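Please read all numbers here as calculations on a predicted model, not as lab measurements. Below, all heavy atoms of this structure are taken into account, side chains as well, without hydrogens, waters or symmetry copies.
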Amino acid sequence: MAKETNLDIPSLRIFLETAKDCNMTRAADTLGISQPAVSAAIKKIENKLGSALFDRDRRPMQLTTAGRLLWNRAFLILEQLDDLARSVQNSIEGKKPDVRLGFSDCMGACVSPLLMNDLLEITENLSGKCGSTPFVSSLLRQKNIDIALSSDPMEDLDETHAIHFLTERFLFILPKPLAERRKILCTQDLISAVGNLPYLRFGKETFDFVQSERIYRSLHFMDTRRIEVDTNFAMINLIALGKGWSILPPLSMWMAREYIDKVEFIRLTNEATRRYYVLYNDPVFEIISRKIYRFICQIFKKEILPEMEKVCLALLEHIQLHEGTI
């Protein structure tokens, strides 16, 4: 039978205090316990490890090799446990928590710098990761992040809480000269206008592919040549150069706004939309998630939407910010 080697935390704390200067008497005074209790705790660890932690034949006694190894590892582990306990307690009490954020590509480009700046004042430790919506969803699912900002509501997980903060309408995006040559009043006009021009879309691994492909199919386009790109910037640039057309929401266009005056966007006849959410699984993060929701609404109201109004006023018609009483 394998030897039981689990080490209890109280004994480890006594060992660490003793190992500071290899003095059991001083450790007992500091911890407010008896010296025999210190000796018993250290002996308990030594019995479990099958190795002495202190060389008691030396004066003053010294750490053995096993003792030094345990000191190095146990110190870091207990420090992390203390940080974890403090973070959870702070979150429960509404104090400064540690937060790991995940941003889908669009949210990463549009709001992450401003949001991270706002959060510095109300978090202890803060980290952010950006990627495709499926990537961010997998991070939240696997508990590698605490809060996600993305367009996937993750409705398949009962424990996921989603705070809806934005809705945007999908649009046809095509080269401006092409749109100016003929009046486009309906989907059939668009089909005729784009002709054999390639349809630009994101890769199958993205959530944008799923959403835009569903719209593409619902409008009964004839199968045309398709080109896959990996960024909004590349897609809008190609459309501006007259190399294709696409189906995108306003924020995807906003990520490449330097080309926005070279493309035209037309509202779809159906009400195809993309929604954005603040998502969290653990109730510990409810308070900070609601604060993030309020921060994002302010960022859009004070920064993004006013700038969009200056650059391309018409885009505002297709974005709806959901400010509630949260």
Side-chain angles (χ1 to χ4, degrees), residues 91 94 97 99-123 126-141 145-171 206-208 210-212 232 248-255 257 271-309 311-312 315-326:
S91 296
V99 177
R100 300 168 301 167
L101 283 171
F103 298 91
S104 64
D105 288 326
C106 229
M107 286 296 108
C110 293
V111 306
S112 65
L114 295 169
L115 178 61
M116 296 286 275
N117 183 60
D118 288 336
L119 291 175
L120 289 175
E121 298 298 322
I122 61 170
T123 57
L126 182 64
S127 67
K129 294 184 179 180
C130 294
S132 67
T133 295
F135 171 72
V136 171
S137 296
S138 70
L139 290 179
L140 186 62
R141 197 182 304 271
I145 57 173
D146 307 308
I147 300 169
L149 274 66
S150 85
S151 56
D152 178 7
M154 298 179 67
E155 295 173 331
D156 57 316
L157 290 183
D158 292 337
E159 67 267 28
T160 299
H161 303 273
I163 306 173
H164 177 205
F165 65 86
L166 188 81
T167 300
E168 51 178 351
R169 185 181 292 115
F170 277 91
L171 305 165
T206 66
F207 205 59
D208 285 329
V210 175
Q211 294 172 301
S212 60
N232 290 286
L248 296 170
L251 288 182
S252 291
M253 297 177 62
W254 188 243
M255 290 171 66
R257 49 190 172 276
E271 290 299 313
T273 59
R274 176 167 72 177
R275 295 185 170 197
Y276 276 102
Y277 307 87
V278 178
L279 300 132
Y280 64 96
N281 292 330
D282 194 326
V284 164
F285 295 101
E286 179 179 1
I287 292 174
I288 190 69
S289 293
R290 292 178 181 274
K291 289 180 179 179
I292 287 172
Y293 161 81
R294 290 193 288 270
F295 281 143
I296 292 173
C297 287
Q298 288 303 306
I299 288 169
F300 270 94
K301 279 183 66 176
K302 295 182 178 180
E303 303 287 343
I304 298 174
L305 297 183
E307 184 64 21
M308 193 177 290
E309 183 177 2
V311 175
C312 187
L315 268 186
L316 292 179
E317 298 178 23
H318 309 290
I319 295 180
Q320 182 181 3
L321 185 64
H322 295 274
E323 286 189 283
T325 56
I326 292 177

W254 versus N232: any side-chain heavy-atom pair under 4.5 Å?
no
Close side-chain approach of I296 to Y276, heavy-atom, < 4.5 Å:
no
Looking only at heavy atoms, which two atoms of P153 and T160 are closest? And how far apart?
O-CG2, 4.1 Å
Measure the spacing between CG of L115 and CD1 of I299 and express it to the nearest 0.5 Å.
5.0 Å
Using a 4.5 Å cut-off on heavy atoms from C-beta on, say whether the side chain of K291 contacts that of D118.
no
Roughly how far apart are L316 CG and L321 CG, rounded to 0.5 Å?
11.0 Å
Looking at V136 and G131, what are the two nearest heavy atoms and their distance?
CG2-O, 3.9 Å
Using the side-chain contact (heavy atoms from CB on, under 4.5 Å) criterion, which residues pair with T133? Sequence neighbours excluded.
S104, S137, S150, S151, D152, F207
Run the salt bridge (Lys or Arg N to Asp or Glu O under 4.0 Å) test against E286 and tell me which residues pass, sequence neighbours left out.
R290
For residues L315 and L171, determine if any side-chain heavy atom of one lies less than 4.5 Å from a side-chain heavy atom of the other.
yes
Which pair of non-hydrogen atoms, one from L119 and one from T123, has the smallest distance, and what is that distance?
O-OG1, 2.7 Å
Could you check if a side-chain atom of V111 sits within less than 4.5 angstrom of a side-chain atom of F300, using non-hydrogen atoms only?
yes
Residues in side-chain hydrogen bond (donor to acceptor under 3.5 Å, both in side chains) with D146, at least two apart?
R100
Could you list the residues that satisfy side-chain hydrogen bond (donor to acceptor under 3.5 Å, both in side chains) with E303, not counting sequence neighbours?
none
Report yes if some heavy atom in the side chain of L248 is under 4.5 Å from a heavy atom in the side chain of S212; otherwise report no.
no
Mind checking the CG-CG spacing from L149 to L279? Nearest 0.5 Å is all I need.
8.0 Å
Which atom of L251 lies closest to which atom of M308, heavy atoms considered
CD2-CE, 4.2 Å
Rounded distance [0.5 Å steps], NZ in K129 versus CG in L139:
5.5 Å
With a 4.5 Å heavy-atom cut-off, do R274 and S252 have their side chains touching?
yes
Closest non-hydrogen atom pair, G108 against P113
O-CD, 3.8 Å
Once you round to the nearest 0.5 Å, how far does CG of L140 lie from CG of L101?
10.5 Å
Can you list the residues that meet the side-chain contact (heavy atoms from CB on, under 4.5 Å) rule with E159, with sequence neighbours excluded?
L157, N281
Partner set under ring pair (Phe, Tyr, Trp, His ring centres under 6.0 Å) for Y277, not counting sequence neighbours
H164
Set of ring pair (Phe, Tyr, Trp, His ring centres under 6.0 Å) partners for F103, sequence neighbours left out
none
For D158, the side-chain hydrogen bond (donor to acceptor under 3.5 Å, both in side chains) test, sequence neighbours excluded, returns none
Please list, chain by chain and in numerical order, all residues satisfying side-chain contact (heavy atoms from CB on, under 4.5 Å) with E317, sequence neighbours excluded.
none
Those residues that, when tested against H318, pass side-chain hydrogen bond (donor to acceptor under 3.5 Å, both in side chains) (two or more places apart):
R169
Does K301 have any salt bridge (Lys or Arg N to Asp or Glu O under 4.0 Å) partners at least two apart in sequence or in another chain, and if so, which?
E323
Could you pull out all residues at least two apart from R141 that satisfy salt bridge (Lys or Arg N to Asp or Glu O under 4.0 Å)?
D156
Identify the two heavy atoms, one from I304 and one from C110, that lie closest to each other, and give their separation to 0.1 Å.
CD1-O, 3.6 Å
What distance separates L305 CG from L166 CG, expressed to the nearest 0.5 Å?
8.0 Å
